[in-house]
Amino acid sequence: MERITTVAALGEAVSAAKAEGKSIGLVPTMGALHEGHLSLIRKAKEENDVVFVSVFVNPIQFNNKEDLAKYPRTVDADCEKLESVGCDYVFLPSVEEMYPEPVKEEYHFGPLEEVMEGPRRPGHFSGVAVVVRRLFDLVKPVRAYFGEKDYQQLAIIRNLIEQIHYDIEIVPCPIVRADDGLALSSRNMRLSASARAMAPAIYETLQQAVEMAEYEDVEEVKEWVVETLASFHEVNPDLCPDDLKFEPEYFEIVNAKTLQPIDDWDDAADDGAVGCIAVWLNGVRLIDMVKF
Ligand code: PAF
C-alpha cells in the first residue's frame, strides 16, 4: 500500500491507474477505522481494480469545535488495518493540503437536510459535500462506498451526485455490528466500560420497534422507542451505574428515499421506511438505524 499526503502525488497515482485502464474505487473516511470501514474496503476491492482510501478528519463538517478536537486520530493503526484488507493507496492530506484557500463553496439539499441531523448540525452536510466532491475530483472513481449507518449522509451524497452530474456509482454498505448488536462507530471507543455495556440496548430497542410496527401505528412506535430509552435507567437501575442514562435526541421514522417523516406505514409503501436515531450516552452521541 502506498501512503500519499499531497494532491500532486495523488494526481500521479490516479493518472497512472487510469492510463492502465484500471477502475478506481474510493472509500472516503475520517480514520479511526473499524470493521465497518474495512467491510467497505473489502467490497471496493471486489468491485474495482484499484482502491483508494482517504483518511481526513474534515474540519468543515464539524459544527462543534470540541467534537472536532475529540475525534480520534489513529493513523498508524489505520494504515495497518488498511494494509490487512489490501487497500492500494491511502490518501492522508493535511488540512492545508485539502483546503489551501478558505472554503467558500456551499451545498444545499432542500428537504433532505431539513430533518434529523440537518437542523441539529448546521453546515454539516455542506461540509461533507465539499470534501466528498473534492475527493471525487481528485480520485475520479468509478464507484464510491458509504455506510448505511450514516443514512442521511448517504441520501445527501446521492443527491450531490445528481446536482453535480457526476457519473459515479454510490455503493451503500450495510451497518456492521458488534456481537452484542451495537453499530460499530469510531465514537464507541469514547464510551466508559459501563456505558459500552449499556449501549446495545439501542439496537435491541430498534429491533423491538420493527416487531411492533407489525401491529402499532407510526406515532406509537416512535413514542415507544424514545420512552423506552429515556426511562431505561429507571427500569434497569442495575444496568446503569454511575448515573448513566440514555438521552434520545431524536428518533424519526421516515421514507427511505425522501427522508420525510411518515404518519402512516402506507406512506412509504414503495420506497420503504427507515427509523433513524441519535442518542446521547456518557457524553457520546451515538446514531443507528433500522429498516422497517
Ligand atoms: O462518513 C464519514 O466518515 C465522513 O462524513 C466522510 C464521508 C468521510 C466525509 O468526511
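Values below: every heavy atom of this structure, side chains too, minus hydrogens, waters and symmetry copies. Both counts, for ligands and for their atoms, begin at 1 and track the order of listing.
Listed by atom number, the atoms of ligand 1 under 4.0 Å from Pro28 heavy atoms are 8 (C). In the vicinity of Gln61, heavy-atom distances shorter than 4.0 Å reach the ligand 1 atoms 4 (C), 5 (O), 9 (C), 10 (O). Interface of Val131 with ligand 1, defined as ligand atoms under 4.0 Å from a residue heavy atom, comprises 9 (C), 10 (O). Here is the list of ligand 1 atoms found below 4.0 Å of a heavy atom in Gln153: 1 (O), 2 (C), 4 (C), 5 (O), 7 (C). If you number the atoms of ligand 1 from 1 as listed, the ones under 4.0 Å from a heavy atom of Thr29 come out as 8 (C).
Aromatic ring centres of Phe246 and Trp280: separated by at least 6.0 Å.
A salt bridge does not link Glu162 with Arg158: none of the charged nitrogens is closer than 4.0 Å to a carboxylate oxygen. Taking a cutoff of 4.0 Å between a charged side-chain nitrogen and a carboxylate oxygen, Arg285 and Glu117 qualify as a salt bridge.
At the shortest separation from atom 3 (O) of ligand 1 among protein heavy atoms lies Met30 CG, 3.6 Å.
Shortest non-hydrogen contact noted between Pro141 and Phe136 is CD-O, 3.6 Å.
Side-chain contact check for Arg3 and Tyr89: no donor-acceptor pair (N or O, by modelled atom type) lies under 3.5 Å.
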